[in-house]
Amino acid sequence: MTVERLIQSRDEFWAAGFTGDLAELIPLLQYYQETHGYISPEGVEAIAGFLGISEARVYTVASFYAQFRFQKPGKNHVFVCLGTACHVQGGVDLANEIHEHLHIRNGETTPDGQFDFKEVACLGCCAQAAVVEVNGKIYAKMNREKLRKVLKEHQHA
Amino acid sequence: MSISLSINGQQLAAEAGQTVLLAARANGIYIPTLCDYPGLPPHGSCRLCIVQVKGRSITPTACTTLVEEGMVVETDTPLVKELRVEVLRMLLAEHPGTCLFCPEHDHCQECMVTLRKTSVTTGCRTCPADMQCQLQDVVDSIGLESVAYPVRYRALPVEREDPFFDRDYNLCVLCSRCIRVCESLHFNNILAYVKRGSETRVGTSFGKSHIEVGCSFCGACVDACPTGALWDKTSRWDGKPDHTVSSTCPFCSLGCEVSLQIKTNGVDRIISCYPAQVEKPLCVKGRFGVPELLDHPGRLKTPIRISQGEVTHPGWEETLHLASEKVAACCPGEAALVVSANCTNEELFLADKLSRSLTGGGTILDAAARYGDGIEAVQRLLHTSQSPNILEDADLILCLGMDLQYYQANLEVFLKQAMERGATVITLNEKEHVPGRYASLWLQPGSGEVETMLGRLAGGLGKRDVADAIHALKASKNPVFLVGDDYLVRMAGAVEKLVTTYQASVVAIPAEGNLYGALRVATALTQPATNPKVLYLLGTTVPKDIHPGTFIIYQNSHMPAVQIQNGVLLPMAAFGETCGSVFDQAGKLRNLTAAVQPSGEGLPGWEIICRLARLLAINGFDYVSVNEVTRDLVSAAPSWQMTGRVPGWLAAPGGHDYLGKPLADMVAGLKQLNLQVQEGK
C-alpha cells in the first residue's frame, strides 16, 4: 500500500472520529466493514498503519470474530439455518445444495459475485423449519428443489 | 530471598519469584513441556507441565506456579501421569504420528541406507525435524505408545515460497512460541493466531508471504519451534548434531556470537549456524548464510595453476613453488599484496610481515578503495566506536543510514526498547527504511543532500524537522549515534564532525567483518607498486584494470569472478573451517573456531602464507599453529596507521560480506531478498 493511500485512509478514520488508540481496533474493523462491505487486505493494512501495529495483530482479532467477512459480499445474500429445528428438517441438505449448485462453501462468494452464502445458527422462525433467508426475506419449509427455484429467481432478477 | 520447597521428596532451595518448572529444572528434575521457552514469560498453553501441589485440589501447570515456602510438589504421581497422558493424546489428535509410533522407530536411523550397488534410501522421511523434535522427546519421556483418538489431519498446503524456511502448519502444536518470540524478542508481529476454535492456526495476515509482510528472516521463530512446523530449508532431516562449537559471525563487523552445529558422516558434513543465546537472535546473513556459503559449487577446492589461460592442477607443492619463484624474480617495487578486511587478524598480520620483507611496504587494504578519502575519518570513528549494548542507556539515538530490513535487523531490538522506555529515536535516511516507521523523528533529505543535512545538524542551524532534531540533540544528556555502513562509505567526514559537535557516543558498523583489525593489525602502505608484476590477492577480488601479463596469486575460499590469465589459485579454508581472531566494531577481540575440515584440499590462510614465505627463505614464519601467530600478533604494537596512497589499479571490492564477494551471490535466498529490496524502490 502506498504512503498516499495510508494517509488517505488515516484521514478517513480521523474524520469518522477515531483517535488511533489501540482499544479502537474492533470499532475500526466494524466501521471498515460497514463502509466497504467487507474486510479486505487493504483494510487490514490501513487499520494496522493507523494504529501502528502489525497486520497480523489486526488480522488475528478480525479472523477470531464471526461478524467479520473477508470476501466481497455477493449481490444476493443467502443464509441457511442450521439451528436445531432446521437441522432436523434437513438444513444440512440445503447447505449441501448450495455447495453443489453454486460451488461455494460457508462464508464464500460465487466468482460471478451473484451470491454469498453463510450458515447461521437460528433465524428465529423454527415453526417454519427448514428456513432459508435470501436478501432479508424468509423462505419457509424448504427442500432442495424449492431452494433451487428460489436461487434461480434471484439469479435472473 | 531463598525459599525451600520439596519436589518429589527432594528438599530444594529456590529463589523467590521463580516458577516451579525452573526450580525443578535447576535441580535436574525433568518436567515435560512444549510451550516454555528461554527468555519468554510463562504461557501455560500446552498443559504438559502439570504437577500436584499438596493442599491444592487442582493440578496447576509448573510453568505458571510460583514457588512458595514449604511447598510440597509431586511431578510424577499416578494422577499427574494419567492427566498428562490424556493431554498429550488430545494434542496428538491433530499431529501426524508416523514418526512417533512405529515399530521400526528405534532401528530406523541405522537401516536408512541399505547396501546395494546404488544406495537406496529406506525409512520414512515424514518430518524435517525427525530426531530433533521436542514433541518426540516428550512422547518418549511420557512413554506414550499409541494414539487414542482419530487423527484429524489439517491438510494445509506447505508454504515454501519464502526463502530460508518452510512452514508446514500441519505439524504445528499451537504452542505460540514463534508468535511470542517474534513479539517479545524481536518486537515484531509477523505471525499471529488466525481464526478460532478447532480452525485456529498460526499464520500471517491473509496468508501473505513473509517477504510481503516485512519479515526480517532472523530465524528466531524457526529456532523456537518445538516441532517441524517451521524448518530451515538447509537443515531438513539432518537429525541430531554430533557436536556444537561457539564462534563469531564473520559477515559484518558486529561480531555476533554464534553456535555452529556440526554433523559429519564420512565425507559428508552438515553445518548450521544458530545464535549463541536464543534471547539474542542473529540477522538473516548469520543465521542462514553459512551452509550455502561453505558448500557452494564455486568453492575453490584444489590448487590451480593458470598459464596463458590454460588450467592445470599440479598439487600444493608445485603450485607454491611456482608462486615463490615468480615472487623471488621480482624487484621490491614490482610486487604488491592486497588483503581483504574480512581476513582474520592472523592472516593480516602474516601478510603484513611477508609484504614488508618482500616489498619494503605494508599490505594494501582493498577497503581503502571503497572508503576513498574518508578512510582516515572511518579509522578515527572506529577508534571510538562502542558496542551496541550502550544503546540501552542512551536517552537519544540518532540512526544514520541504518536500513535494518534484513541485514543487522537484530539491532532493531535496541531501538524499539529505547522507544518503549521513552528515549528519543531520530533516524536520518533518504530512503524508506524500517526505523522510519516508528522513530520519533525521520529526517528525510533529498537524494544527494544527506551531507548538507548532516552539516546543518552539526552547524546547529535549520528549519522545521532539522530544528527539532537539533533541539533534541542539544537537550540530550547521553546521545548515541548509530552509524551504518552506507554513510561511513559516503560521508565519514561529515558524520565525524557531527559526532564531535554533540560529543555523542558512536556505534559505527562497517560492513567488513574485520575492518577494525585490518586497520590496526597491519596495513601501512608506503609506496605501492604502480604496475605490479606479481599481485598477491589475499581474500580479495581481481582488480579489473590490471595488466593482463601480471602474475596473480589468488588465495581465496571461492573461485574468482573474473578469468585469470596467468597465476595460481590457492584454496583457502573458509569460515568454520579455520581458527583465528577478528576485532568487532568496538575493538573487542573475538575468536573464530574451526568446526569442520576445510573443503577439498583447502588449507588455513595463515598456513598458506607461512609455506610460501618459507619457500622464499624468509625468516620468522616457522609457526606450527595459529595460536603462535596470535601470540606474536598480540605482542606486536598495534599500528593504527594508514599512510601513502591508494594505487590507481585498486578497485573497490565487488562485495564486502565475505572475502571480496557479496554474500547474495552465493546464497540464493539473500538474492531473492535483494531483488525484493530493489523492487520496493
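Bear in mind the structure is a predicted one, so any value in this text is a computation, not a measurement. Naming convention: chains lettered A, B, ... in sequence-line order (proteins, then strands); numbering from 1 in each chain.
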What part of A:Ala66 lies closer than 4.5 angstrom to a heavy atom of chain B: side chain, backbone, both or neither? both

Is it true that the NZ or CZ of B:Lys285 lies under 6.0 Å from the centre of B:Tyr407's six-membered ring and within 45 degrees of the ring axis? yes

For A:His77, does the NE2 atom sit with more than 12 other heavy atoms under 6.0 Å from it, leaving out its own atoms? yes

Greater than 12 external heavy atoms within 6.0 Å of A:Gln67's CD: yes

Thinking salt bridges, do B:Glu412 and B:Lys416 make one under a 4.0 Å N-O criterion? yes

With a strict 4.5 Å heavy-atom criterion, list every residue of residues 51-58 of chain A that contacts chain B, or say none. A:Ser54, A:Glu55, A:Ala56, A:Arg57

Name the region of B:Leu191, side chain, backbone, both or neither, that has any atom closer than 4.5 Å to a heavy atom of chain A. backbone

For A:Phe70 and A:Ser63: C-alpha separation, side-chain torsions, deciding distance, then whether side-chain contact (heavy atoms from CB on, under 4.5 Å) applies. CA-CA 8 Å; A:Phe70 297 98; A:Ser63 66; 4.2 Å; yes

Taking the side chain as every heavy atom from C-beta outward, state whether B:Arg201 and B:Arg154 have any pair of such atoms under 4.5 Å apart. no

Any salt bridge between B:Asp168 and B:Arg160, counting N to O under 4.0 Å? no

Output yes when a side-chain donor or acceptor of B:His433 lies under 3.5 Å from a complementary backbone atom of B:Asn429, and no otherwise. no

Please confirm whether the ring centroid of B:His210 lies under 6.0 Å from the ring centroid of B:Phe165. yes

Using a heavy-atom distance cut-off of less than 4.5 Å, which residues of residues 18-40 of chain A contact chain B? A:Ile39, A:Ser40

B:Glu430 side chain vs B:Pro445 backbone, donor-acceptor pair below 3.5 Å: no

